[in-house]
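For reference, the structure discussed in these notes is given below.
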Protein chains: 2
Amino acid sequence: MILSKTSEYALKILSFMATEDYPQYTAHLLYEKLSIPRRYGSRLMTDLAKSGFIKSHRGRNGGYVFAKKLEDIYLSDIIDSIEGFENFDKCLIGLYQCDLDNPCPLHEIWAETKQKVIDTLSQTSLADLQHTNIEDL
Amino acid sequence: MILSKTSEYALKILSFMATEDYPQYTAHLLYEKLSIPRRYGSRLMTDLAKSGFIKSHRGRNGGYVFAKKLEDIYLSDIIDSIEGFENFDKCLIGLYQCDLDNPCPLHEIWAETKQKVIDTLSQTSLADLQHTNIEDL
DNA sequence: ATAAAATAATACCTCAAGGTAGTATTTTAT
DNA sequence: ATAAAATACTACCTTGAGGTATTATTTTAT
């Protein structure tokens with residue numbers, strides 16, 4: 001499962017904005033290019049603005065721009081704002097007490113992989129992405 | 001998010017059976033030890049039997065035993081039977097055409113980590129788990 | 001034989017994620 | 001001023017995952 005649909009949308013939108021240079025991005029443009037349901041995407045944009053990743057400019061000629069520097073927005077921050085990043089540091093089978101001293105049967109085999117997932121997402125910022133043509137995919 | 005609740009339950013049940021030695025496991029015993037909702041767990045056990053991981057023995061003194069050798073049941077097989085393992089080999093932002101030749105902006109930073117997740121889950125069998133006291137956690 | 005103790009099957013309930021619709025508000029080109 | 005073009009807000013709908021309830025079936029101890 002890995003990520004919720006909404007997290008996928010959020011990452012898709014923000015990574016598009018980070019890698020394709022426009023002076024400003026309208027919601028309309030983003031839904032078209034990224035095949036995201038309009039109404040749902042609209043609410044998501046508002047959430048992303050409230051979370052402080054982007055700034056909205058209302059009214060005619062309005063749109064969105066980043067509210068922070070790209071290198072200050074980590075993928076884990078985005079995921080955290082949508083579905084909570086704690087989920088990724090959980091025991092694989094959901095046990096609360098599971099740790100190195102009191103491991104579940106899967107702890108050992110999962111620990112290193114889990115850490116790599118966490119590290120990758122929390123050490124990669126929007127400034128670290130490839131500049132590719134996402135709209136064609 | 002990583003795994004669905006049901007996948008967690010399935011892994012919890014089968015890893016318990018794999019690491020705690022009983023001649024046979026009743027559904028009742030498993031729900032008690034593992035804090036899994038009875039009715040829901042009951043359906044899940046039937047599914048796990050239909051998927052060929054365990055054999056059920058109906059009637060008085062009935063219960064479940066493994067239908068295969070532990071070393072022939074990989075974690076990815078279990079996850080696959082519940083929610084599909086393809087999800088784990090997807091593009092992080094859900095693009096269908098994303099691959100090495102046509103990468104999305106996140107492809108490069110995610111590829112190695114994704115592969116480690118896949119490898120860990122598809123190379124670990126129930127015979128490779130730690131023998132720990134899962135019921136206390 | 002029969003009752004007890006187990007799994008199997010079927011139908012239904014609940015809730016949150018994802019999605020839709022309509023209206024209000026803001027800004028600016030004209 | 002006003003209409004157009006954008007975002008914001010609010011309310012509702014849909015669907016599938018997770019969970020519950022009841023009854024049927026199977027097996028075995030007695």
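No experiment lies behind these values; they were computed from the predicted model shown. Letters go in sequence order (proteins before strands), and every chain restarts at 1.
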Which donor-acceptor pairs under 3.5 Å do the side chains of residues 103-111 of chain A make with protein atoms, sequence neighbours left out?
none

Distance test, side-chain N/O of A/Thr46 to OP1/OP2 of D/dT7, below 4.0 Å: no

Sugar-phosphate, base or nothing in reach of A/Lys55, heavy atoms under 4.0 Å: nothing

A/Asp47 CG - D/dT7 P separation (whole Å): 15 Å

Salt bridge (Lys or Arg N to Asp or Glu O under 4.0 Å) partners of B/Glu8, counting only residues at least two apart: A/Lys90

Sequence-distant partners of A/Arg38, salt bridge (Lys or Arg N to Asp or Glu O under 4.0 Å), two or more places apart: A/Glu32

Ring geometry between B/Tyr22 and B/Tyr25 (parallel below 30°, tilted from 30 to 60°, perpendicular above 60°): tilted

Euclidean distance, atom CG of residue B/Leu48 to atom C1' of C/dA8 [Å, nearest integer]: 14 Å

OP1 or OP2 of D/dA5 under 4.0 Å from side-chain N/O of A/Thr26: no

Atom pairs under 3.5 Å: protein N/O with N/O of nucleotides 28-30 of chain D:
unit_1, atom_1, unit_2, atom_2, d
D/dA29, OP1, B/Asn61, ND2, 3.4

Hydrophobic cluster partners of A/Met1 (side-chain heavy atoms under 4.5 Å): B/Met1

d(CZ, B/Arg38; P, C/dA9) in whole Å: 21 Å

Please list each protein N or O that sits under 3.5 Å from an N or O in nucleotides 10-15 of chain D, with the distance.
unit_1, atom_1, unit_2, atom_2, d
D/dA11, N6, A/Arg43, NH1, 3.4

Minimum-distance pair of heavy atoms, taken over all atoms of A/Ile93 and B/Lys12: O-CE, 3.5 Å

Atom-to-atom span, OH of A/Tyr25 to C1' of D/dT7 - whole angstrom: 18 Å

Contacting residues from residues 3-12 of chain A, given that a heavy atom lies under 4.0 angstrom of DNA chain C: A/Ser4, A/Lys5, A/Thr6, A/Tyr9

Watson-Crick or G-U pairs under 3.5 Å in DNA chain C, rendered as dot-bracket with [ ] for crossing pairs and | for another strand: ||||||||||||||||||||||||||||||

Presence of A/Ser42 side-chain N/O under 4.0 Å of D/dT7 phosphate oxygens OP1/OP2: no

Any donor-acceptor N/O pair, B/Lys114 side chain to B/Asp89 backbone, under 3.5 Å: yes

Spacing of A/Leu44 atom CG relative to C/dA17 atom P, expressed in whole Å: 14 Å

Rounded distance (Å) that lies between atom P of D/dA5 and atom OH of A/Tyr64: 17 Å

Any donor-acceptor N/O pair under 3.5 Å between C/dG22 base and A/Arg39 side chain: yes

A/Met45 vs B/Gly41, nearer the 5' end of DNA chain D by closest nucleotide: A/Met45

Interatomic distance, A/Leu29 CG vs D/dA6 C1' [rounded to whole Å]: 13 Å

Of A/Ile36, A/Leu30, A/Ile13, the residue whose pairing with A/Leu44 passes side-chain contact (heavy atoms from CB on, under 4.5 Å): A/Ile13

Rounded distance (Å) that lies between atom P of C/dC13 and atom OH of B/Tyr40: 18 Å

Under 3.5 Å, side-chain donor or acceptor atoms of residues 57-65 of chain A against the rest of the protein: list the pairs with distances, not counting sequence neighbours.
none

Those residues that, when tested against B/Tyr74, pass side chain to side chain contact (heavy atoms under 4.5 Å, CB included) (two or more places apart): B/Ser76, B/Asp77, B/Ser125

CD/B/Glu71: more than 12 non-hydrogen atoms of other groups inside 6.0 Å: yes

With A/Ser81 via side-chain hydrogen bond (donor to acceptor under 3.5 Å, both in side chains) - residues at least two apart: none

B/Lys33/B/Glu20 ion pair, N-O < 4.0 Å: no

Qualifying residues under side-chain hydrogen bond (donor to acceptor under 3.5 Å, both in side chains), relative to A/Ser56, sequence neighbours excluded: none

